[in-house]
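Atoms considered below: every heavy atom in the structure, side chains included; atoms not considered: hydrogens, waters and symmetry mates.
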Amino acid sequence: MSDISSNVTSKPLNPRDSAKFISSRSQNVSICQKGVEEASKGIFDCLKSKKYSFKSWKEHELHPNDMTKETLDWIVVLDALNFSFWTDEKVEPWIVRFEGKNYKGYWALCAAINRALKEGIQFTTPSYYADVTVTQLQHIFRSETPTEMPLLEERRKNLNEVGKVLVKDYKNSFTNVLLQCNHSAEKLLNLITSTFKCFQDEAEFEGTNVSFYKRAQILIADIWACFEGQGWGHFTDIDHLTMFADYRVPQSLLHLGIMKYTDELLEKLKKGEVIPAGDKLELEIRGNTIWAVELTYQEMVKMAKGDSQFSSLPPEELSSVVNAVIIDYYLWDFAKRELEGITEFPFHKTRTIFY
């Protein structure tokens with residue numbers, strides 16, 4: 001375990017220790033144990049009935065199904081760009097049309113990648129996006145509305161960085177990154193966050209360096225889920241990952257009574273105030289989101305150990321059925337499905353490349 005009482009060091013606490021540290025010192029966000037226990041039962045029942053598992057990832061129509069190197073390339077591009085889709089309420093949303101349907105937010109990103117590939121653009125090839133320009137991205141992410149995809153210049157920088165590193169050091173393929181990690185999610189997370197600057201999702205909270213690594217962790221989790229824990233997606237320690245601290249999952253945690261904001265914070269969010277990246281409020285929301293899911297996960301592990309359906313499973317197999325990744329997928333889908341447009345549980349607005 002990291003020493004969570006230490007002062008600022010060059011190496012940040014890992015996301016789990018960061019979350020515990022932040023949660024223990026938060027003034028604007030709190031976690032309700034009763035909410036944790038009640039929500040854990042409902043999510044556990046979904047897992048038990050197999051309504052929800054890592055296979056749920058592939059049930060979304062825009063996610064790829066094939067377990068191939070090309071799919072791996074698709075996921076890398078997806079999670080290099082998986083951030084900041086919200087637009088101001090006063091303007092029309094960014095909308096991508098693909099195969100007769102309109103998509104917003106994260107799904108617009110998926111649709112745009114698929115549309116580009118269908119048009120013959122080699123968008124998921126590292127040697128292509130290593131030199132991709134903003135002009136090319138404007139075409140790839142063209143909208144049905146006058147609103148452009150947010151942060152296009154930052155997206156170009158991310159793609160150029162990832163592409164150039166993969167071309168130079170990994171023979172134009174993320175498979176060679178995976179080969180260095182011996183099926184360890186922890187090793188892969190360390191390699192991604194030490195190799196690619198655009199995945200270094202870190203901050204300082206009360207004199208201590210902390211990390212969240214949202215996109216780096218979701219990159220690993222998406223590979224694991226798409227490949228169903230096999231082949232490129234086989235990780236012996238997938239439970240090393242935490243949930244992915246974004247702006248949607250907190251909505252679910254608020255609605256389910258797992259997490260609570262002070263009236264002052266809630267009022268800021270209801271007014272649509274933008275919270276700067278690295279602000280104490282933002283870090284409290286993200287840290288408590290991770291820790292709330294961690295507590296939920298711990299409750300579900302207890303349930304699993306006392307349940308005949310799960311109690312006989314070997315540790316590695318159990319961790320592939322009950323983990324923070326699957327809980328995150330559940331809560332994110334819940335927010336997108338049930339909480340769109342509900343002002344009682346607003347999401348926080350922070351413009352950043354990390355989520």
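Glu344 pairs by the side-chain hydrogen bond (donor to acceptor under 3.5 Å, both in side chains) definition with nothing, not counting sequence neighbours. In this structure Asp73 satisfies the side-chain hydrogen bond (donor to acceptor under 3.5 Å, both in side chains) test together with Lys69, sequence neighbours excluded. For Glu119, the side-chain hydrogen bond (donor to acceptor under 3.5 Å, both in side chains) partners are Arg142, not counting sequence neighbours. Applying the side chain to side chain contact (heavy atoms under 4.5 Å, CB included) test to Thr195 and every residue at least two apart in sequence or in another chain returns Val165, Tyr170, Leu191. Every residue two or more places apart in sequence or in another chain that forms a side-chain hydrogen bond (donor to acceptor under 3.5 Å, both in side chains) with Lys302 is listed here: Glu299.
Between Met303 atom CE and Phe44 atom CZ the span is 7.0 Å, to the nearest 0.5 Å. In this structure, OG in Ser23 is found 7.5 Å from CH2 in Trp291, a value given to the nearest 0.5 Å. Interatomic distance, CG of Leu62 versus CH2 of Trp107, reported as 6.5 Å (0.5 Å rounding). Between Asp66 atom CG and Thr71 atom OG1 the span is 5.0 Å, to the nearest 0.5 Å. Summarising the geometry, atom CZ belonging to Arg248 is positioned 13.5 Å from atom CG belonging to Leu253; distances are rounded to the nearest 0.5 Å. Here the straight-line distance linking atom NE2 of His255 with atom CD of Glu338 works out to 7.0 Å at 0.5 Å rounding.
Classification of the Tyr247-Phe347 ring pair by plane angle, with boundaries at 30° and 60°, yields tilted.
Inter-residue side-chain proximity for Cys198 and Val162 is flagged as met; some heavy-atom pair is nearer than 4.5 Å. For the pair Leu117 and Trp74, the minimum side-chain heavy-atom distance is below 4.5 Å. Between Phe244 and Ile290 there is no side-chain heavy-atom pair separated by less than 4.5 Å.
We find that Glu340 and Lys336 are joined by a salt bridge, their nearest charged nitrogen and carboxylate oxygen being less than 4.0 Å apart. With salt bridges taken as basic N to acidic carboxylate O contacts below 4.0 Å, one links Asp307 and Lys48. Using a cutoff of 4.0 Å between basic side-chain nitrogens and carboxylate oxygens, Lys164 and Asp131 are scored as salt-bridged. For Lys101 and Glu61, the salt-bridge test passes: some basic side-chain N is under 4.0 Å from an acidic carboxylate O. Salt-bridge check for Lys197 with Glu161: failed, with every basic side-chain N at 4.0 Å or more from each acidic carboxylate O.
Checking Tyr329 against Asp222 by side-chain atom types alone, a donor-acceptor pair falls below 3.5 Å. Between the side chains of Ser127 and Thr125, no donor-acceptor pair is found at a separation under 3.5 Å. Gln122 and Tyr129 share no donor-acceptor pair across their side chains, judged by distance under 3.5 Å alone. Looking at Thr133 and Gln136, their side chains do bring a donor and an acceptor atom within 3.5 Å of each other. In the model, Glu284 has no side-chain atom that pairs as donor or acceptor with a side-chain atom of Tyr261 under 3.5 Å. Using modelled atom types and a 3.5 Å distance limit, the side chains of Thr175 and Ser173 yield a donor-acceptor pair. Between the side chains of Arg97 and Asn102, a donor-acceptor pair is found at a separation under 3.5 Å. Side chains of Thr242 and Gln217: a donor on one and an acceptor on the other come within 3.5 Å.
The side-chain tip of Arg115 does not point at the ring of Phe98 from less than 6.0 angstrom away and within 45° of straight on.
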Taking only distance into account, with no hydrogens and no angle test, what donor-acceptor pairs under 3.5 Å do side-chain atoms of residues 223-230 form with protein atoms, sequence neighbours excluded?
from, atom 1, to, atom 2, distance (Å)
Glu228, OE2, Lys58, NZ, 3.1

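For NZ of Lys41, the number of neighbouring non-hydrogen atoms (other residues, nucleotides, ligands) closer than 6.0 Å is 12 at most.
Between Tyr355 and Phe83, the ring centre distance reaches or exceeds 6.0 Å.
For the pairing with Arg156, the side chain to side chain contact (heavy atoms under 4.5 Å, CB included) check across Leu152, Asn160, Leu159 returns one residue only, Asn160.
In this structure a side-chain-to-backbone donor-acceptor pair under 3.5 Å is missing from Thr296 to Val36.
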